[in-house]
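Heads up, the thing below is written out as structure tokens.
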Amino acid sequence: MANCNDGPVLVPILGDQLTRTLASLSGRTKDDTVVLMTEVWDEATYVKHHKQKIALIFSAMRHFAAELRDAGWSVDYVALDDSENAGSFTGEVARAIERHDPRAIHIVEAGEWRVQQAIEEWPDKFDCEVEILSDDRFVCSIAEFRDWAEDRDTLRMEFFYREMRRKTGLLMDGDKPEGGEWNYDSENRKPPKEGLEAPLRPIFEPDDITRDCIDLVEERFGDHFGSLENFGWPVTRDQAEEAADAFFAERIKCFGPYQDAMIHGQDDLFHSMLSTSINLGLLDPLELCQRAEKAYKEDNAPLNSVEGFIRQLIGWREYVRGFYWLHMPHLQRANALNAQRSLPEFFWTGETDMRCLADCIRSTRANAHAHHIQRLMVLGNFCLIAGISPREVQDWYLVIYADAYEWVELPNVAAMILYADGGKLASKPYAASGNYINKMSNYCSDCAYSVSKKTGEGACPFNSLYWHFMERHRDRLESNHRVGRIYSNWDRMGEDKQKAYLGTAEDFLGSLEPADKGWARAD
Ligand code: FAD
Ligand code: DLZ
Ligand code: SF4
């Protein structure tokens, strides 16, 4: 057991807690505090994160440490290549106790269950006071969400979101929603029109600190997925603010209408591309919502765009976080649809003739990012209807996106796309045929498969997989009022057509080459 003494208060700050107003720093005096930041092997390898994700987190941590020092804080920063590095948060805190003899440790609760479990063992491991503070960077605390959920049989984001609107006062007109509706999603489903082009987001040229991190990642994590070539993420609060300025000046106007659109080669479209900065703690989501509201009030953005953006942040983002803490650790193992198929190899290589999937995987590899509808309706939809094992899909999503932390990734993957929770988060599975992708993108026009062909050789695989999925899960889904009536279409098709669908899907599934499991987490 490491003994604390009567030294300063030790404040460990985790890689996604890079916020100057963090609860563990607020109110502390600088000469009585040592901030501890550590690059640890366990975090960098518990899954084989995309190379850009590790470089981003290390660079943002190093910049944040430098900013804190400039502001007068004493920062003990342990780099990954420190030869004594213990490789875990707990090991590093034990070493820091030896160095600083702190009288107490103050830490903000971790975003991820796995890390929080380790922190909760510290009071037994270390002979000093350990104070674990609530993370006040969220509008809704974990306890508040639990209270809200406890009173309800079914949880739906929409009702939670309304509570958050009332709580924050965002887009409220007294006790009524601005414009009379809570949700303007019906105006936000425009397909991409010919010639639609979005302004490019700012790309931040790596400085010396980022270059060092990129070199370190190439050297130590060279076998991880992804390319570092396009690294251009904001790594400081100033850069993140600049990225936000560009979004509010150039893209928010069209954010709503084209939120669900996909265009080959236009990776960001009108999305904010701010999730990496928000999740690191460089940007405050509430401040972003207030800026969006201001843009609406000053007539610089329409209500449907602004409401849509605010809903993603105080609705979905807060909701999935509450849901994660409500259902951990069981959520990791949930598999209501008993999906057992291995992830196909092409999820790593991008080598598939399915143009929609190939484009989303290309963008993922190059940018450690794909936008929401690509994650949901192309990649996610495929995993759902092909029956890929939730554990493998979870690991894939956690590895590949620069904004991926389990608290936000897992509910989106297990519950939103795979329905592995049996419908606790979403009222129905987001299953769709090629028709949806064709409507919302320009992928199909140049695909080796034909979206209008339903069965047989050359038919779009989404078409037959969709019916294969519906048939496989008839017992469960037929009674769902949002899905049930689809079965009358299936029944009307007649046996020959049904057989053709099921046979085409079986042939396709049989042709899938399973991925080498080397990327996934050890079970
Ligand atoms: P925008 O489209 O501009 O949206 C604005 C912000 O809203 C985002 O930055 C994000 O903070 C928030 N947001 C939007 N949708 C969601 C959502 N469903 N859940 C939580 N926050 C949301 N987001 C992550 O931050 N990390 C993840 O690991 C992650 N994994 C996902 C996995 C799947 C299967 C799906 C369907 C979605 C996932 N998302 C995740 C949500 C969403 O796709 C990303 O937040 C978004 O694509 C980030 O790009 P953006 O900043 O341009 O978002
Ligand atoms: C994701 C990540 C990685 C790759 N590396 C580190 C690290 O070396 N040090 C650190 O403090 N945090 C890292 N992180 C982010 C943590 O995984 C994240 O803070 C926890 O999961 C808690 O949410
Ligand atoms: Fe994707 Fe099917 Fe369209 Fe090809 S035809 S791009 S596989 S939806």
Side-chain angles (χ1 to χ4, degrees), residues 12-17 37-47 49 53-54 56-58 61 78 80 89 92 109-116 157 201 221 247 251-252 255 259 264 268-280 283 285 288 308-313 315-321 352-359 369-380 382-383 393 397-398 400-413 416-418 430 433-438 441 443-453 459-463:
I13 294 186
L14 307 179
D16 57 356
Q17 297 181 340
M37 296 181 66
T38 62
E39 293 169 10
V40 292
W41 188 253
D42 283 3
E43 292 307 299
T45 57
Y46 77 96
V47 287
H49 308 278
K53 181 176 171 187
I54 306 180
L56 167 65
I57 291 169
F58 284 5
M61 286 174 65
V78 183
L80 190 81
F89 286 134
E92 277 310 315
E109 64 194 349
E112 297 194 356
W113 188 84
R114 175 183 58 80
V115 179
Q116 183 65 12
M157 195 287 294
R201 71 175 145 134
F221 308 100
F247 170 67
R251 302 200 302 285
I252 193 169
F255 172 85
Q259 210 177 341
H264 184 257
D268 315 340
L269 270 180
F270 296 97
H271 292 271
S272 70
M273 303 298 286
L274 298 177
S275 55
T276 57
S277 304
I278 298 169
N279 292 351
L280 284 168
L283 291 177
L288 292 172
F309 181 72
I310 289 177
R311 175 157 29 87
Q312 303 314 314
L313 284 167
W316 279 111
R317 186 170 185 272
E318 297 278 339
Y319 182 71
V320 298
R321 188 228 186 195
T352 167
D353 289 338
M354 301 172 80
R355 193 161 182 258
C356 51
L357 282 163
D359 191 55
H369 194 275
H371 65 70
H372 185 65
I373 212 70
Q374 296 174 316
R375 296 188 202 193
L376 180 70
M377 295 310 294
V378 177
L379 299 157
F382 180 87
C383 293
V393 184
Y397 274 94
L398 197 55
I400 56 172
Y401 293 123
D403 58 23
Y405 300 86
E406 194 186 66
W407 66 264
V408 51
E409 167 272 329
L410 183 59
N412 274 296
V413 170
M416 178 136 38
I417 65 168
L418 297 180
Y430 282 90
S433 69
N435 202 21
Y436 175 87
I437 297 172
N438 188 33
S441 78
Y443 288 136
C444 303
S445 56
D446 209 7
C447 179
Y449 293 100
S450 162
V451 73
S452 56
K453 195 159 184 239
C460 167
F462 278 97
N463 292 338

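Every number for a ligand or one of its atoms is a count from 1 in the order of the listing.
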Starting from atom 21 (O) of ligand 2, locate the nearest protein heavy atom and write down its residue, its atom name and how far away it is, to 0.1 Å. E112 CD, 3.1 Å
Given that the side chain starts at C-beta and the backbone is N, CA, C, O, which of these parts of L14 lies under 4.0 Å from ligand 2, counting heavy atoms, or is it both or neither? both
Would you please indicate yes or no on a ring centroid separation below 6.0 angstrom for F247 and F309? yes
Those residues at least two apart in sequence (or on a different chain) that pass side chain to side chain contact (heavy atoms under 4.5 Å, CB included) with N435 are S433
Does the ring center of W41 lie less than 6.0 Å from the ring center of F221? yes
Mode of M61 contact toward ligand 2 - side chain, backbone, both, neither (heavy atoms, under 4.0 Å): side chain
Would you say V413 has any N or O atom under 3.5 Å from an N or O of ligand 1, going by distance alone? no
State whether the side chain of T352 and the backbone N or O of M354 hold a donor-acceptor pair below 3.5 Å, judged by distance alone. yes
Could you pull out all residues at least two apart from D268 that satisfy side chain to side chain donor-acceptor pair (under 3.5 Å)? R201
D403: side chain to side chain contact (heavy atoms under 4.5 Å, CB included) partners, not counting sequence neighbours: S275, T276, N279, H369, R375, Y401
Tell me, please: is Y319 in heavy-atom contact with ligand 1, that is, under 4.0 Å? no
Starting from atom 6 (C) of ligand 2, what is the nearest protein heavy atom, named by residue and atom, and what distance separates them? E43 CB, 3.5 Å
So, does Q374 use its side chain to make a donor-acceptor pair with the main chain of H371 at under 3.5 Å? yes
Would you say W41 contacts ligand 2, with heavy atoms under 4.0 Å as the rule? no
Name the closest protein heavy atom to atom 11 (O) of ligand 2, giving the residue it belongs to and the distance to 0.1 Å. G15 N, 2.8 Å
Are any of the heavy atoms in R321 under 4.0 Å away from ligand 1? no
Would you list the protein N, O or S atoms within less than 2.8 Å of atom 3 (Fe) of ligand 3, leaving out water? C444 SG
Polar contacts were defined as any N/O atom of the residue lying under 3.5 Å from an N/O atom of the ligand; does this apply to N279 and ligand 1? yes
State the atoms of ligand 2, each with its element, that fall below the 4.0 Å cut-off from a heavy-atom position in G111. 22 (C), 23 (O)
Pull out every atom of ligand 1 sitting under 4.0 Å from any heavy atom of S275, numbered as shown with elements. 9 (O), 25 (O), 48 (C), 49 (O), 51 (O)
Please list the nearest protein heavy atom to atom 2 (C) of ligand 2 with its residue and the distance rounded to 0.1 Å. I57 CD1, 3.7 Å
Ranked by distance from atom 23 (O) of ligand 2, the top protein heavy atom is D16 OD2, 2.8 Å
Considering only protein heavy atoms, which is closest to atom 8 (O) of ligand 2, and at what distance to one decimal place? V40 N, 2.8 Å
Ignoring angles and geometry beyond distance, decide whether L274 reaches within less than 3.5 Å of ligand 1 through its nitrogen or oxygen atoms. yes
Near E409 (heavy-atom distance under 4.0 Å), the atoms of ligand 1 are 28 (O), 30 (N)
Is Y401 close enough to touch ligand 1? Criterion: a residue heavy atom under 4.0 Å from a ligand atom. no
Which is it for T38 and ligand 2 at heavy atoms under 4.0 Å: side chain, backbone, both or neither? backbone
Any side-chain heavy atom of V378 within less than 4.5 Å of one from F382? no
So, 4.0 Å and heavy atoms of A370: is ligand 1 close enough to count as a contact? yes
Partner of Y405 under side chain to side chain contact (heavy atoms under 4.5 Å, CB included), picked from V115, L398, I57, L410, is I57
Quick one: look at F58 and ligand 2, take heavy-atom pairs under 4.0 Å, and tell me if it's side chain, backbone, both or neither. side chain
Pick one of side chain, backbone, both or neither for how M37 approaches ligand 2, counting any non-hydrogen atom pair under 4.0 Å. neither
shortest atom 41 (C) of ligand 1-to-protein heavy-atom contact is with H372 ND1, 3.8 Å
Just wondering, do E39 and V78 contact through their side chains at under 4.5 Å, heavy atoms? no
